[in-house]
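Everything on this sheet refers to the single structure shown next.
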Amino acid sequence: MACAEAANVCAVGRPSRGFTILNAFPGTYVASYRRTHQSIKQAVMEWSTRLVPPPGSTIGPTDSITVSLTISDGAGNSIPPTDSRIPTFFRGGPRYFSQSALSNPGTPAMGSMGFLDIEAAATTLTDPSWSFEFVVTRPTGTVLVVDRIAMRELARTIVNTSDTYGVDVADFQPGQPAGAGSTTTTGTLRLAQTIDGAIASTPDVLTLGWEESTNVVVTPSTTSAAFAALTLLEETAGVPMRFRVPIRPMYVEAPPGDATGETGRFRVRYLVTGGGTATVRLNTGSTGSPYATAGLASAVFAWSPWVDCRFPTDATGAIATLTFEAKTTAGTVYVSAIHVQQT
Amino acid sequence: MADTLDKLVPRVPATDATTSNLFASSRALNAGTGHIFLTSDLNHLANITAVRVVLSHQGFDGFWAGPFGSDAGTATPGGYSNPPLPSQFSWLAPYTSVGVATLWTDVRVDTYGTDALPKLTLRCWVQAPPSGTETVGVVLAVTPQRTQPSSSDLYASTLVTSTAGVDVDLSVQLRAQDLRSWSGQPSLGFVATGGLVIGEPYGENVCTAWVAFFNTSVKNSDRANAFGITLSLEAP
């Protein structure tokens, strides 16, 4: 019975996917999402601002922000902001704020906190790769910013045995008959199926986003014909920015870990000007690294295909260091979002 | 946690119909082995599912706000301790006009194993201003509510003076008092009038994590950088 409870917790009680966009000044921001598995049903979505302005500025009584969300998938299906599945205040309507008289400028003011029915959205978004497009505007005033937009899957507290994963713990109480059962009903097979769901509950490793723009001041870019660090993704000139992330050791004990490492995938949101064809590559430090997504030729912002990769787990704490480089045959390649996850 | 190989045991999926499926009917001779693998896998999963990246961000390119909010826009940075306290940072939103560098996020926290809590770790790369005479403060703080952190909250901090840039790792061991219980039954999506779509009840333990930087130069002509920010839950 304890095993059944543990399997449920790990399979549906600890989803690890979602994204956060920080410091969204007026503009368009796009994030990538791929559902953990079919037994994860809900997500919480929220955005916030701050009500203490910088010195010399004032938040007026009619200052407002709008956040408009469109969710689409890789097959071209979409859910517009006016759809009933889009939570309140992600539908483009103005949200008014007044300046705070308090002395704690860090405390956020919530613009919206709502819940997304992932299951209902999936009836329209039939491809598993989703894209969340947020359009942020400031209809009135000049000070307010969206300091955080967040989406994350919600842990489940109940189990439904008609779902893909989830076992009825009552089946394993003392005195109940033991048997294999089936993967869709009860028994050890259903338990094993639920553990498979826990194994499939891999996390996002990196989610990065910038304003979707061809302004090199706000969106990473390069014009280099050879692989080079993108502007705004450099530590120092020409040196790619490093992201150090823990990797879950799945099939190799860490320590000592493994230099080839655990499986993953990544994709980027990009645009290429001047008729060029670009390549963006991810360095993970794995023996198979780097991993490249090539043939990127879209003249409008679009997602690249997913590219399989691996993350080494042989460093202390199974920390992998991720960097990005890009090149283009002509024009400029801009990268406005990056999504990396374990698989 | 005991009773685990600290890795998953490769096996065929539960839906596999071959004789390799240890959990299928009539596999009595494999029952013991199968349950050993099951126990080991579950214990391992109970550990690793508590570990994950909770926030990643490209960082702050060229911040100059000094210690204490009141120093943004002034020429005299206030006193600060070594290591600095959360109250000694400016917690303004990162308005570009004042060169502030702060962020926050909510974090769902799961137990590591049966009852331990993970630690929260900040990793980034920090570079002090090029003048070579200034200091950058870095803080990671945790609050049970979404309120600006104070010096009585859980935190870790450090000072950086390297103009070449250094990796900064700050960790705090989460405790029960750093978390709040967040539960309810959601209304899904949006309904203008009537007909609410009621979702499944949820229940989580969460905390709010805060990160901030200061630059004692207090001048936008002598800026500091903090890049490659990741916040992660890791083994205690």
Side-chain angles (χ1 to χ4, degrees), chain A residues 3 6-7 10 14 16 20 22-23 41-42 50 52 54-55 84-88 91 104-108 115 117 145 147-148 150 154-158 180 183 188-189 192-193 195-196 198-199 201 203-208 232-233 235 241-246 248-253 317, chain B residues 5-8 10 13-15 23-25 38-39 41-42 45-46 48-49 51-53 55-58 61 69 72-73 91-95 97-98 102-106 108 110 123 125 146-149 165 186-191 197 199-204 210 227-228 230 232 234:
Chain A
C3 287
C10 293
R14 298 182 170 191
S16 301
T20 303
L22 298 176
N23 309 329
K41 307 290 188 179
Q42 302 176 150
R50 309 279 191 91
V52 175
S84 62
R85 289 168 288 187
I86 300 294
T88 306
R91 305 165 60 80
N104 50 345
T107 300
F115 298 88
D117 186 339
V145 298
D147 75 328
R148 175 176 175 268
L154 269 180
R156 294 186 77 182
T157 58
I158 61 176
T183 58
T188 54
L189 279 173
Q193 169 85 343
I195 295 175
D196 286 349
I199 296 171
S201 298
D204 285 326
V205 170
L206 206 65
T207 57
L208 302 172
L232 305 182
L233 268 175
E235 281 183 357
M241 189 181 292
R242 292 168 302 121
F243 296 89
R244 295 176 292 133
V245 293
R248 289 183 180 176
M250 302 289 281
Y251 290 98
V252 177
E253 182 183 358
Chain B
L5 299 171
D6 288 326
K7 62 181 178 181
L8 297 171
T15 51
F23 299 95
S25 179
L38 185 157
T39 300
D41 279 4
L42 277 171
L45 288 165
I48 65 171
T49 54
V51 172
R52 67 186 193 279
V53 176
L55 177 74
S56 51
H57 189 254
Q58 52 271 30
D61 183 2
W91 291 102
L92 276 173
Y95 301 109
S97 61
V98 291
T102 71
L103 60 86
W104 72 276
T105 192
D106 284 339
R108 188 196 80 232
D110 304 313
R123 291 193 173 81
W125 179 86
R146 283 176 179 161
T147 52
Q148 179 176 311
S187 169
L188 301 173
F190 169 83
V191 177
V197 179
E200 291 183 1
Y202 60 89
E204 303 178 336
W210 307 78
F227 295 143
T230 61
S232 306
E234 301 181 9

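Keep in mind it's a predicted model, so treat the numbers as computed, not measured. Just so it is clear: chains get the letters A, B, ... in the order the sequence lines come, proteins before strands, and each one is counted from 1.
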Side chain, backbone, both or neither: which part of B:Glu234 has a non-hydrogen atom closer than 4.5 Å to chain A?
-> side chain
CG-CE distance between B:Asp41 and A:Met250, expressed to the nearest 0.5 angstrom = 9.5 Å
Sort out for me which of A:Gly317, A:Ser16, A:Pro203 touches chain B most, counting heavy-atom pairs under 4.5 Å.
-> A:Ser16
So what's closer than 4.5 Å to chain B heavy atoms on A:Arg242: side chain, backbone, both or neither?
-> both
Gap separating the OG1 atom of A:Thr188 from the CG atom of B:Leu38, nearest 0.5 angstrom = 9.0 Å
Could you check if a side-chain atom of B:Lys7 sits within less than 4.5 angstrom of a side-chain atom of A:Pro249, using non-hydrogen atoms only?
-> no
Which region of A:Ala150, side chain (C-beta onward) or backbone (N, CA, C, O), has a non-hydrogen atom less than 4.5 Å from a non-hydrogen atom of chain B, or is it both or neither?
-> neither
Side chain, backbone, both or neither: which part of B:Leu55 has a non-hydrogen atom closer than 4.5 Å to chain A?
-> side chain
By a 4.5 Å heavy-atom criterion (distance strictly below it), what part of B:Glu204 contacts chain A: side chain, backbone, both, or neither?
-> side chain
Given a strict heavy-atom distance threshold of 4.5 Å, which part of A:Asp204 is in contact with chain B: side chain, backbone, both, or neither?
-> backbone
Under 4.5 Å heavy-atom distance to chain B, tell me which part of A:Ile86 shows up: side chain, backbone, both or neither.
-> backbone
Taking the side chain from A:Asp117 and the backbone from B:Leu188, do they hold a donor-acceptor pair closer than 3.5 Å?
-> no
Measure the OG1-NE2 distance between A:Thr207 and B:His57 for me, rounded to the nearest 0.5 Å.
-> 10.0 Å
Is there a donor-acceptor contact under 3.5 Å from the side chain of A:Gln42 to the main chain of B:Glu200?
-> yes
From A:Tyr251 atom OH to B:Leu8 atom CG, the distance as rounded to the nearest 0.5 Å | 5.0 Å
Heavy-atom check, side chain of B:Val53 versus side chain of A:Leu206, under 4.5 Å | no
Please name the pair of heavy atoms, one in B:Pro94 and one in A:Asn23, separated by the smallest distance, quoted to 0.1 Å.
-> CG-OD1, 2.9 Å
Rounded to the nearest 0.5 angstrom, the CD1-CG distance for A:Ile195 and B:Leu42 is 4.0 Å
Is it the backbone or the side chain of B:Asp110 that comes under 4.5 Å from a heavy atom of chain A, or both, or neither?
-> both
Quick check: does any side chain N or O of B:Ser56 sit under 3.5 Å from a backbone N or O of A:Leu208, one acting as donor and the other as acceptor?
-> no
Considering all heavy atoms, the nearest B:Leu92-A:Pro105 contact | CD2-CB, 3.8 Å
Residue pair A:Arg14 / B:Ala46: nearest heavy atoms and the distance that separates them = NH1-O, 3.0 Å
Non-hydrogen atoms of chain B under 4.5 Å away: do they reach the side chain of A:Met241, the backbone, both or neither?
-> side chain
Shortest non-hydrogen contact from B:Val51 toward A:Pro246 | CG1-CB, 4.3 Å
A:Arg50 side chain to B:Trp91 backbone, donor-acceptor under 3.5 Å = yes
The interface call for A:Glu235 against chain B, heavy-atom contacts under 4.5 Å, is both
Between A:Thr88 and B:Phe190, is there a donor-acceptor pair closer than 3.5 Å when you use the side chain of the first and the backbone of the second?
-> no
